[in-house]
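Please read all numbers here as calculations on a predicted model, not as lab measurements.
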Amino acid sequence: MPTEKQKMLRGDLYTADDPELAADAAAASAWLARYNAASAVPAAERHAMLVEALGHVGNGATVRSPFHCDYGNNIHLDDGVFLNFGCIVLDVVTVRIGSGTQVGPGVQILTADHPRDPHIRAKMLEFGRPVTIGRNMWIGAGALILPGVAIGDDAIVGAGSVVTRDVAAGTTVVGIPARVTAKGNAD
């Protein structure tokens with residue numbers, strides 16, 4: 001029989017207050033306290049701290065404090081990724097961010113989801129859907145990326161947008177919910 005953690009990682013319904021998951025979340029919380037308190041240390045030391053906790057951290061990846069996440073080890077940042085102040089990543093399953101992507105302050109990237117059936121939801125079960133963000137993306141301040149979304153390379157998500165659906169490569173989306181406003185290079 002699979003553990004709650006195994007169920008969580010494969011996107012099945014799971015119980016979030018499972019002791020193993022609670023221990024993992026507590027370890028991540030302790031790391032976050034240390035990382036967020038180290039905003040003045042040299043970039044190389046902060047990068048080494050990211051490598052300690054995240055699933056993958058590419059060369060030149062930067063995460064400014066304060067930063068918040070559930071577990072950390074499900075977050076994969078390629079080379080040159082930049083997450084600005086106040087980003088939140090709920091990483092109950094995988095979050096992948098491609099090289100050169102810039103994420104504005106206060107952006108939330110969410111993989112945690114909940115059953116739509118109120119009877120199942122009442123059992124305190126939840127599940128996750130992975131988020132994939134392409135290369136050379138720009139996500140404006142305060143945007144919200146919902147569970148299961150894939151965003152293509154070279155796309156732009158406008159500030160304050162709520163991304164509920166996949167975004168094709170090279171497009172610009174804005175609004176609540178985010179809708180395509182431009183396709184291709186805006187130069």
Side-chain angles (χ1 to χ4, degrees), residues 5 8-9 16 18-113 128-163 167 169 173 178:
K5 183 174 182 174
M8 178 187 81
L9 291 173
D18 172 74
E20 180 183 17
L21 292 174
D24 288 351
S29 183
W31 173 82
L32 284 164
R34 198 165 47 87
Y35 183 78
N36 286 328
S39 61
V41 302
E45 288 181 46
R46 286 179 58 79
H47 190 271
M49 291 176 76
L50 289 172
V51 170
E52 275 179 46
L54 303 188
H56 172 76
V57 182
N59 292 326
T62 301
V63 177
R64 297 177 97 178
S65 296
F67 171 67
H68 301 282
C69 65
D70 283 321
Y71 301 102
N73 57 353
N74 297 319
I75 301 170
H76 302 267
L77 308 177
D78 286 346
D79 294 348
V81 168
F82 177 80
L83 274 62
N84 212 329
F85 300 111
C87 286
I88 297 171
V89 181
L90 300 187
D91 64 315
V92 302
V93 293
T94 304
V95 173
R96 294 192 184 281
I97 303 177
S99 62
T101 290
Q102 298 177 39
V103 178
V107 168
Q108 297 181 51
I109 301 169
L110 313 176
T111 66
D113 207 340
R129 295 188 291 145
V131 170
T132 303
I133 297 170
R135 293 179 293 105
N136 195 35
M137 274 274 321
W138 175 32
I139 301 175
L144 183 62
I145 313 299
L146 294 185
V149 167
I151 303 174
D153 296 345
D154 302 314
I156 296 171
V157 173
S161 295
V162 178
V163 183
V167 175
V173 297

Visitor: Hey, could you give me each pair passing salt bridge (Lys or Arg N to Asp or Glu O under 4.0 Å) that has a residue in residues 51-68? Not counting sequence neighbours.
Guide: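 Residue pairs passing salt bridge (Lys or Arg N to Asp or Glu O under 4.0 Å), neighbours aside: Arg34-Glu52.
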Visitor: How long is the span from the CZ atom in Phe67 to the CG atom in Asn36, to the nearest 0.5 Å?
Guide: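 Result: 8.5 Å between the selected atoms.
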Visitor: Locate the shortest heavy-atom distance separating Leu21 from Ala16; write the atom from each residue and the value.
Guide: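 Heavy atoms only, the tightest pair is CB-O, 3.9 Å.
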Visitor: Throw together a table of side-chain donor-acceptor distances under 3.5 angstrom for residues 137-152, partners on residues two or more places apart or in other chains.
Guide:
none

Visitor: Show the nearest heavy-atom pair for residues Leu50 and Ala61, with the distance to one decimal.
Guide: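 Closest approach of Leu50 to Ala61, heavy atoms only: CD1-O, 4.2 Å.
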Visitor: Side-chain donor-acceptor pairs under 3.5 Å in residues 72-79, sequence neighbours left out?
Guide:
unit_1	atom_1	unit_2	atom_2	d
Asn74	ND2	Asp91	O	2.7
Asp79	OD1	Asn59	N	2.8

Visitor: What residue pairs, at least two apart or across chains, pass salt bridge (Lys or Arg N to Asp or Glu O under 4.0 Å) with a residue in residues 100-109?
Guide: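 Listed by first then second residue: nothing to list.
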Visitor: Would you compute the distance between atom CG of Asp70 and atom OG of Ser29 and round it to the nearest 0.5 angstrom?
Guide: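 Output value for this atom pair is 10.5 Å.
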Visitor: Under the ring-ring contact (aromatic ring centres under 6.0 Å, His included) definition, can you give me all pairs with a residue in residues 25-60, not counting sequence neighbours?
Guide: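 For residues 25-60, and leaving out neighbouring residues, the ring-ring contact (aromatic ring centres under 6.0 Å, His included) pairs sorted by first residue read Trp31-Tyr35.
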Visitor: Check whether any side-chain heavy atom of Leu32 lies under 4.5 Å from a side-chain heavy atom of Cys69, and answer yes or no.
Guide: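 Side-chain contact under 4.5 Å: yes.
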Visitor: Enumerate the residue pairs fulfilling salt bridge (Lys or Arg N to Asp or Glu O under 4.0 Å) with a member in residues 23-33, sequence neighbours excluded, ordered by first and then second residue.
Guide: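 Found Lys5-Asp24.
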Visitor: Tell me the salt bridge (Lys or Arg N to Asp or Glu O under 4.0 Å) pairs involving residues 130-150, sequence neighbours left out?
Guide: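 The answer is Arg135-Asp153.
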Visitor: Taking only residues two or more places apart in sequence, or in another chain, which ones meet Asp18 in a side-chain hydrogen bond (donor to acceptor under 3.5 Å, both in side chains)?
Guide: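 Checked Asp18 against side-chain hydrogen bond (donor to acceptor under 3.5 Å, both in side chains); zero matches.
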Visitor: Just to verify, what does Ala37 make a side-chain contact (heavy atoms from CB on, under 4.5 Å) with, not counting sequence neighbours?
Guide: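 With sequence neighbours excluded, Ala37 shows a side-chain contact (heavy atoms from CB on, under 4.5 Å) to no residue whatsoever.
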Visitor: Could you pull out all residues at least two apart from Thr132 that satisfy side-chain hydrogen bond (donor to acceptor under 3.5 Å, both in side chains)?
Guide: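 Not a single residue meets the side-chain hydrogen bond (donor to acceptor under 3.5 Å, both in side chains) criterion with Thr132.
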Visitor: Mind checking what makes side-chain hydrogen bond (donor to acceptor under 3.5 Å, both in side chains) contact with Gln108, not counting sequence neighbours?
Guide: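 side-chain hydrogen bond (donor to acceptor under 3.5 Å, both in side chains) check on Gln108 returns nothing, list empty.
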Visitor: Is there side-chain contact between Leu83 and Ile97, with heavy atoms separated by less than 4.5 Å?
Guide: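 Side chain of Leu83 against side chain of Ile97, heavy atoms only: contact under 4.5 Å found.
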Visitor: Heavy atoms, side chains only, cut-off 4.5 Å: are Val63 and Val57 in contact?
Guide: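 No, side chains not in contact.
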Visitor: Without swapping roles, check the side chain of Thr101 against the backbone of Val81 for a donor-acceptor pair under 3.5 Å.
Guide: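 Looks like no, no N/O pair under 3.5 Å.
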Visitor: Can you give me the closest heavy-atom contact between Leu9 and Val93, atom names plus distance?
Guide: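 Between these two residues, the closest heavy atoms are O-CG1, 3.8 Å.
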Visitor: Would you please name every residue forming a side-chain contact (heavy atoms from CB on, under 4.5 Å) with Ala38, sequence neighbours left out?
Guide: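 So Ala38 forms a side-chain contact (heavy atoms from CB on, under 4.5 Å) with Val41, Arg46, Met49.
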